[in-house]
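Below: the structure, in structure tokens.
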Amino acid sequence: MKAGDMREFLDFYEMRETTSPSGAFKRDWVKVFSRRAMFKRSRPVYDKDGVEAREMYRGATHYMVIRMDNDVHTGLRVRYKGDSYEIILIEPNHRDRTNTIQIRRLNE
């Protein structure tokens with residue numbers, strides 16, 4: 001993995017409980033860290049007859065490649081280009097020490 005390929009920025013958020021000045025508890029998503037990432041393009045898969053085997057790409061699910069990091073887990077939310085995403089899957093690639101994360105856009 002070349003570091004120059006990682007041109008996107010992902011902000012990771014975690015659900016935390018905060019206390020207001022009046023003493024009330026409030027649960028909110030708080031930014032905990034940012035990481036550089038590479039957008040991985042989805043390519044169609046064809047079977048032996050030349051028929052596309054993958055479902056239609058809707059644009060709500062993206063694959064991003066980041067460097068391996070123990071801080072990233074599925075309980076976090078991701079902010080990317082103004083949209084919020086949930087982490088569905090983290091797939092490690094030990095050969096080049098990266099993680100491919102699958103994120104799905106949230107309707108908030």
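Keep in mind that the numbers below use all heavy atoms, side chains included, and drop hydrogens, waters and symmetry copies. Quick note: residue numbers are just sequence positions, from 1. Computed from a predicted model, the values in this text were never measured in an experiment.
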Query raised in the report: Atom OG1 in Thr18, atom CZ in Phe25: separation rounded to 0.5 Å?
Result: 9.5 Å
Requested in this report: May I ask you to decide if the ring planes of Tyr80 and His62 are parallel, tilted or perpendicular, using 30° and 60° as cut-offs?
Outcome: perpendicular
Query - Joint hydrophobic cluster, Met64 plus Phe33, side-chain heavy atoms closer than 4.5 Å - result: yes
Query raised in the report: Do Arg67 and Thr98 meet the criterion of a side-chain donor-acceptor pair at a distance under 3.5 Å?
Result: no
Query - Nearest-0.5 Å distance that lies between atom NZ in Lys26 and atom CD in Glu17 - result: 12.0 Å
Report task. Is it possible for you to say whether Val30 and Phe12 belong to one hydrophobic cluster, with membership spreading through side-chain heavy-atom contacts below 4.5 Å? Result -> no
Query raised in the report: So which heavy atom on Val72 is nearest to which on Ile87, and how close?
Result: CG1-CD1, 4.2 Å
Report summary line: d(Met38 CE, Leu10 CG) to nearest 0.5 Å is 12.0 Å
Report summary line: Closest heavy-atom pair, Ile66 versus Ala37, reported as atoms and distance to 0.1 Å, is CG2-CB, 3.6 Å
Requested in this report: List the atom of Asn93, the atom of Met68, and the distance in Å for their closest heavy-atom pair.
Outcome: O-CE, 3.8 Å
Query raised in the report: So, the side chain of Asp69 versus the backbone of Asp71: is there a donor-acceptor pair under 3.5 Å, distance only?
Result: yes
Query - Arg36 (side chain) donor-acceptor with Met6 (main chain) under 3.5 angstrom - result: yes
Report task. Could you tell me which non-hydrogen atom of Lys31 sits nearest to which non-hydrogen atom of Tyr13, and how far apart they are? Result -> N-CD2, 3.2 Å
Report task. Identify the heavy atoms of Ser34 and Asp11 that sit nearest to each other, and give their distance. Result -> OG-OD1, 2.5 Å
Query raised in the report: What is the distance from atom CD1 of Ile103 to atom CG of Leu76, rounded to the nearest 0.5 Å?
Result: 12.0 Å
Query raised in the report: Any link between Leu89 and Val78 through a network of hydrophobic side chains (Ile, Leu, Val, Met, Phe, Trp, Tyr) touching at under 4.5 Å?
Result: no
Query raised in the report: Tyr85 and Val32: same hydrophobic cluster, using ILVMFWY side-chain contacts below 4.5 Å?
Result: yes
Query raised in the report: What are the two closest heavy atoms between His73 and Ile90, and how far apart are they?
Result: CA-CD1, 3.7 Å
Query raised in the report: How long is the gap from CG on Leu106 to CG on Asp83, to the nearest 0.5 Å?
Result: 9.5 Å
